[in-house]
Amino acid sequence: MFAAMRYENYCLHLIDQRRLPSEETWLDCADLESVALAIEDMVVRGAPAIGCAAAWGVAIDAHNHKKLGTWAGYKTTFLASLERMARTRPTAVNLFYALNAMKRETESFDGAMAMVAIAERLIEKARFLSDDDIRTCKAIGEHGASLFNKPLHILTHCNTGSLATAGYGTALGIIRTLHDKGLVKNVWVDETRPYLQGSRLTAFELGQDKIPYSLITDNMAAYLMQLGRVDLVVVGADRIATNGDTANKIGTYGLAVLCRHHNIPFVVAAPKATIDFGIESGARIPVEERPAGELREIQGIAIAPADARVWNPSFDITPAELIYAIVTEDGVFKGPSFKLRA
Ligand code: MRU
């Protein structure tokens, strides 16, 4: 299974997901700013992976400021580093969950604590968050798979696999577990315009794991469902409100509407770290808008007039009423009236 990141000796190695599947290039991020830029530029993407990368970036930052001597000398810089990281991408709440976890770790530090010890504590915390994400994904896989006992044709959107998490995946974790149980007939992989996370990353991951899949463009899903060739749609999430409204990759809402029309279960898979316990509805989820170039060009080749006006929201909000179940590491929560609690 391909990993999105690897930490070694105060350096975060990130596979450059912009270049997959044609090239396997690793970027070495040895400071906070290079990790922040990697998140902004989509070198690393996917809600849980963004959170883990941010945590590693913050830990590496502490190591790089050893000269400041003590917590008293570093605290202001630390808070500014958290703020820088928080500005990278607005929608995936896992980023803020990870930054809060790093901040909470420092609450027991006293002013005289040495920077060497601080860096080690923050590295241990980043390692814990990463390992915990893998455990969480495996639990999501088991809980989600327990819903089904017949071989399925499954449709998924975007990339929610080991590239989008610390490993294994959320929606793709459920698909992996179903596959291990012999319950996957085929996975329909939505190409996922405009950034092509489906065709470039999900198809790549499924191929590596020898899980049978077929690639479709996003606008083929409706016809496939009309033909009765989809039994389940499973997607990940970037932020879930406590009523179950879910932000995920643009195109997700359309799939949920289609599922309702065709009576197909629409399942959301995400760690509890993706639930924003501070908001009770999707109306308050900030939706990132990405650059126009993502619609005007594909890998440098123009597919629209260079000056075409563009609207490029990266996510949409699926109302809870369209969601059959939300699967977290704690189990399966059936809709449509979710009351998610910490
Ligand atoms: O813009 P991206 O590629 O970061 O968006 C990713 C998604 O929307 C995923 O579906 C979501 O983060 C869940 S990943 C386990």
Side-chain angles (χ1 to χ4, degrees), residues 1-5 14-18 20 38-54 88-98 130 133-134 136-141 144 155-176 189-202 204-205 218 233-240 246-256 266-276 282 285-291 294-295 312-318 323 326-329:
M1 206 179 298
F2 239 81
M5 67 193 87
L14 293 170
I15 191 159
D16 190 343
Q17 298 193 31
R18 300 167 305 183
L20 287 172
I39 294 171
E40 276 166 2
D41 294 348
M42 309 279 280
V43 170
V44 60
R45 32 66 48 201
I50 291 170
C52 293
T88 51
R89 293 193 71 191
T91 303
V93 78
N94 308 60
L95 169 68
F96 308 99
Y97 170 86
S130 234
D133 186 54
I134 298 176
T136 295
C137 285
K138 295 208 165 139
I140 290 171
L155 190 147
T156 193
H157 191 66
C158 197
N159 172 262
T160 61
S162 53
L163 290 166
T165 58
Y168 202 68
T170 56
L172 221 58
I174 295 180
I175 292 172
R176 284 196 158 103
V189 177
D190 254 5
E191 176 185 46
T192 316
R193 279 286 289 149
Y195 211 72
L196 304 178
Q197 288 94 330
S199 54
R200 293 188 305 101
L201 308 175
T202 300
F204 175 69
E205 282 198 42
D218 304 347
V233 172
V234 59
V235 298
D238 289 84
R239 196 184 289 227
I240 303 174
T246 293
N248 190 49
K249 181 53 55 196
I250 188 75
T252 301
Y253 169 50
L255 287 173
F266 179 88
V267 172
V268 171
K272 276 196 299 180
T274 304
I275 302 171
D276 185 341
I285 300 178
V287 172
E288 176 183 12
E289 289 197 24
R290 301 236 5 124
E294 290 179 3
L295 267 72
N312 184 16
S314 194
F315 304 95
D316 57 28
I317 314 287
T318 299
I323 300 172
I326 295 175
V327 183
T328 76
E329 63 272 38

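Both ligands and their constituent atoms are indexed starting at 1 by order of listing. As the structure is a computational prediction, the values presented were derived from the model and not from experiment. Values reported hereafter were calculated over all heavy atoms of this structure, with side chains retained and with hydrogens, waters and symmetry mates removed.
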Arg200 and Asn159: side chain donor to acceptor below 3.5 Å: no
If we only count heavy atoms from C-beta on, is the Leu20 to Ile15 side-chain gap below 4.5 Å? yes
So, using side-chain hydrogen bond (donor to acceptor under 3.5 Å, both in side chains) as the criterion, who are the partners of Tyr97 when residues are at least two apart? none
Which atoms of ligand 1 are found less than 4.0 Å from any heavy atom of Arg89? 1 (O), 2 (P), 4 (O)
Heavy atom to atom 5 (O) of ligand 1, shortest distance: which of Lys249, Arg290, Met42, His157 holds it? Lys249
Is the shortest N/O to N/O distance between Gly46 and ligand 1 below 3.5 Å? yes
Tell me if the OH atom of Tyr253 is crowded by more than 12 foreign heavy atoms within 6.0 Å. no
Taking 4.0 angstrom as the limit and counting only heavy atoms of Gln197, give me the atoms of ligand 1 inside it, by number and element. 1 (O), 2 (P), 3 (O)
Tabulate below the donor-acceptor pairs under 3.5 Å that side-chain atoms of residues 192-199 make, not counting sequence neighbours, or state none.
{"residue": "Thr192", "atom": "OG1", "partner": "Cys158", "partner atom": "N", "Å": "2.8"}
{"residue": "Thr192", "atom": "OG1", "partner": "Asp190", "partner atom": "O", "Å": "2.8"}

Check whether any side-chain heavy atom of Ser314 lies under 4.5 Å from a side-chain heavy atom of Glu294, and answer yes or no. no
So the atoms of ligand 1 within less than 4.0 Å of a heavy atom of Thr170 turn out to be 15 (C)
Heavy-atom side-chain proximity of Thr91 to Ile285 below 4.5 angstrom: yes
Mark yes or no for whether Glu329, through its side chain, and Lys272, through its backbone, hold a donor-acceptor pair below 3.5 Å. yes
Using a strict 4.0 Å cut-off to heavy atoms of Ala164, name the atoms of ligand 1 that fall inside it. 14 (S), 15 (C)
Tell me, which protein residue and heavy-atom name are nearest atom 9 (C) of ligand 1, and how many Å apart are they? Asn248 OD1, 3.4 Å
Counting only heavy atoms closer than 4.0 Å, does ligand 1 sit against the backbone of Phe315, its side chain, both, or neither? side chain
When distances are taken from atom 13 (C) of ligand 1, the protein heavy atom at minimum range is Ala237 O, 3.4 Å
Nearest option to atom 11 (C) of ligand 1, as decided by whichever heavy atom of Ile140, Leu201, Asp238, Thr156 sits closest: Asp238
Out of all atoms in ligand 1, which are within 4.0 Å of some heavy atom of Ala47? Include the element for each. 12 (O), 14 (S)
